[in-house]
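Structure first, then comments.
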Amino acid sequence: GLMRGTGCKGGEPTRSGNAMGDILGGMNMVIGVLAAVNARNITGHGQRVDVSLVDSVVASLENAYVRYFKSHEIPVRNGNAYASIAPYDTYHAKDGYVVIACGNQKLYEKFCNEVVDMPWMITDERFLTVPLRVENNEIQKKYIEEWTMKYTVDEVVDKVLSKGIPAGPIFNVKQITEDEHIANVREMFIEVDHPVIGKMKVNGCPIKLMETMPRINYPGPTLGQHNEEILEGMLGYTPQEVQELRE
């Protein structure tokens, strides 16, 4: 239930789109185990690693606490707008949504002059500074969407990126699985042989090692697949004892 302003402006608290605590907890546990192994190599002693799901989510909210300790203001839900920079938001295009991120004044002025052809926005007193643009983001968003709605997502991304301003499409799952860079170049979806299902696609590994490249060659085991191997081969149970346990 921990969140930092996730949801539409003025809306209710919104659930994360994935199991954030589980994912972050797992990553932190791996980091903790690796750190403990390294410490053991130095000191000769092992140690218990303590990682909690809540701690992992709390840490992921990064600078929300520093802001709170300074201002004592609770972060508000702000949709997809960035809390401290604008224009940095999602915008409607003809066929979907696109992210445009003018991270500093130089990029902003370039965006106004060379992309949307609205140089007047640079000197408009509502949009003069970053704090003013954050405050008036929704007003400015309408002007920017007058431009983005003329083009498809791909056209907007190409036009904005061509000027060196960060931009990107918002993909659905189908588009992610079909994206040439993600799916093929980065091998984020691979085929494995499942003992029951047969050939199936699974998530690839996000960690690439240049010398010992990890690869997912096998699916997760079926229920009880290795029971005999572990119980008899490693733990010394007899076949009869394994059968009794099964029953």
Side-chain angles (χ1 to χ4, degrees), residues 2-18 20 57 59-176 179 181-182:
L2 293 168
M3 63 198 65
R4 175 199 173 185
T6 302
C8 294
K9 193 164 187 174
E12 295 180 354
T14 305
R15 180 183 179 276
S16 168
N18 63 356
M20 187 69 76
V57 175
S60 77
L61 300 186
E62 32 104 8
N63 64 14
Y65 309 107
V66 178
R67 290 169 179 272
Y68 172 73
F69 293 141
K70 176 70 176 170
S71 69
H72 295 288
E73 292 177 5
I74 307 294
V76 296
R77 281 174 282 284
N78 211 24
N80 292 321
Y82 206 81
S84 56
I85 304 172
Y88 195 129
D89 206 338
T90 56
Y91 301 90
H92 258 297
K94 262 186 188 177
D95 59 346
Y97 288 93
V98 59
V99 177
I100 300 172
C102 298
N104 57 42
Q105 187 68 23
K106 182 180 178 182
L107 290 176
Y108 171 66
E109 292 184 11
K110 198 164 195 182
F111 177 71
C112 295
N113 282 326
E114 300 178 28
V115 180
V116 295
D117 193 25
M118 298 181 188
W120 59 267
M121 285 204 300
I122 298 170
T123 52
D124 189 301
E125 55 189 37
R126 296 169 297 178
F127 313 134
L128 270 179
T129 64
V130 170
L132 283 169
R133 291 199 290 276
V134 169
E135 184 183 332
N136 295 307
N137 179 56
E138 295 209 358
I139 297 169
Q140 186 165 46
K141 188 170 186 172
K142 288 174 183 170
Y143 293 122
I144 294 172
E145 286 186 330
E146 286 176 13
W147 179 81
T148 57
M149 287 292 286
K150 295 176 186 175
Y151 304 102
T152 66
V153 167
D154 286 346
E155 288 170 339
V156 172
V157 170
D158 287 346
K159 289 174 185 292
V160 178
L161 283 182
S162 72
K163 300 299 182 181
I165 299 159
I170 295 183
F171 281 163
N172 60 33
V173 169
K174 179 177 185 289
Q175 290 169 314
I176 293 170
D179 182 76
H181 179 74
I182 296 170

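Just so you know, these numbers come straight off a predicted model, no measurement behind them.
Here the NZ-CD distance, from Lys163 to Glu114, works out to 4.5 Å after rounding to the nearest 0.5 Å. Atom CZ of residue Phe111 and atom CD1 of residue Ile122 lie 11.0 Å apart, to the nearest 0.5 angstrom. Interatomic distance, OH of Tyr82 versus CG of Asn137, reported as 13.5 Å (0.5 Å rounding). Distance check, rounded to the nearest 0.5 Å: CD1 of Ile100 to CD1 of Ile165 gives 8.5 Å. The CD atom of Glu135 lies 11.5 Å from the CZ atom of Arg126; values are rounded to the nearest 0.5 Å.
In terms of the ring-ring contact (aromatic ring centres under 6.0 Å, His included) criterion, residue partners of His72 (sequence neighbours excluded) are, by chain and number, Tyr68. Scanning for ring-ring contact (aromatic ring centres under 6.0 Å, His included) contacts around Tyr108 gives an empty result, with sequence neighbours left out. With sequence neighbours excluded, the residues satisfying side-chain contact (heavy atoms from CB on, under 4.5 Å) with Asp154 are Thr152. Partners of Phe171 according to the ring-ring contact (aromatic ring centres under 6.0 Å, His included) rule, which considers only residues two or more places apart in sequence or in another chain, do not exist here. Considering only residues two or more places apart in sequence or on other chains, Tyr151 meets the side-chain contact (heavy atoms from CB on, under 4.5 Å) condition with Trp147, Glu155, Val156, Lys159. Scanning for side-chain hydrogen bond (donor to acceptor under 3.5 Å, both in side chains) contacts around Asn18 gives Ser16, with sequence neighbours left out.
Using a 4.5 Å heavy-atom cutoff, the side chains of Ile144 and Lys141 are not in contact. At least one side-chain heavy atom of Met121 sits less than 4.5 Å from a side-chain heavy atom of Gln140. Contact check for Asp89 versus Pro87: no side-chain heavy atoms found under the 4.5 Å cut-off. The closest side-chain heavy-atom distance from Arg133 to Cys102 is not below 4.5 Å.
Counting heavy atoms of neighbouring residues, nucleotides and ligands inside a 6.0 Å radius, atom CD of Glu109 exceeds 12 of them.
Minimum heavy-atom separation, Leu107 to Gly164: CD2-O, 3.6 Å. Nearest heavy atoms, Val130 versus Ile85: CG1-CA, 4.0 Å. Residues Pro119 and Asn113 come closest through the heavy atom pair CB-OD1, 3.3 Å. Here the closest heavy-atom approach between residue Glu145 and residue His92 is recorded as OE2-N, 2.9 Å.
Taking the six-membered ring for Trp and thresholds of 30 and 60 degrees, Trp120 and Tyr143 have ring planes more than 60 degrees apart, a perpendicular arrangement.
For the side chain to side chain contact (heavy atoms under 4.5 Å, CB included) with Tyr97, the qualifying choice from Ile170, Val153, Asn80, Thr148 is Ile170, the only one to do so.
Counting only distance, with no hydrogens or angles, the side chain of Asn136 and the backbone of Ile139 share no donor-acceptor pair below 3.5 Å.
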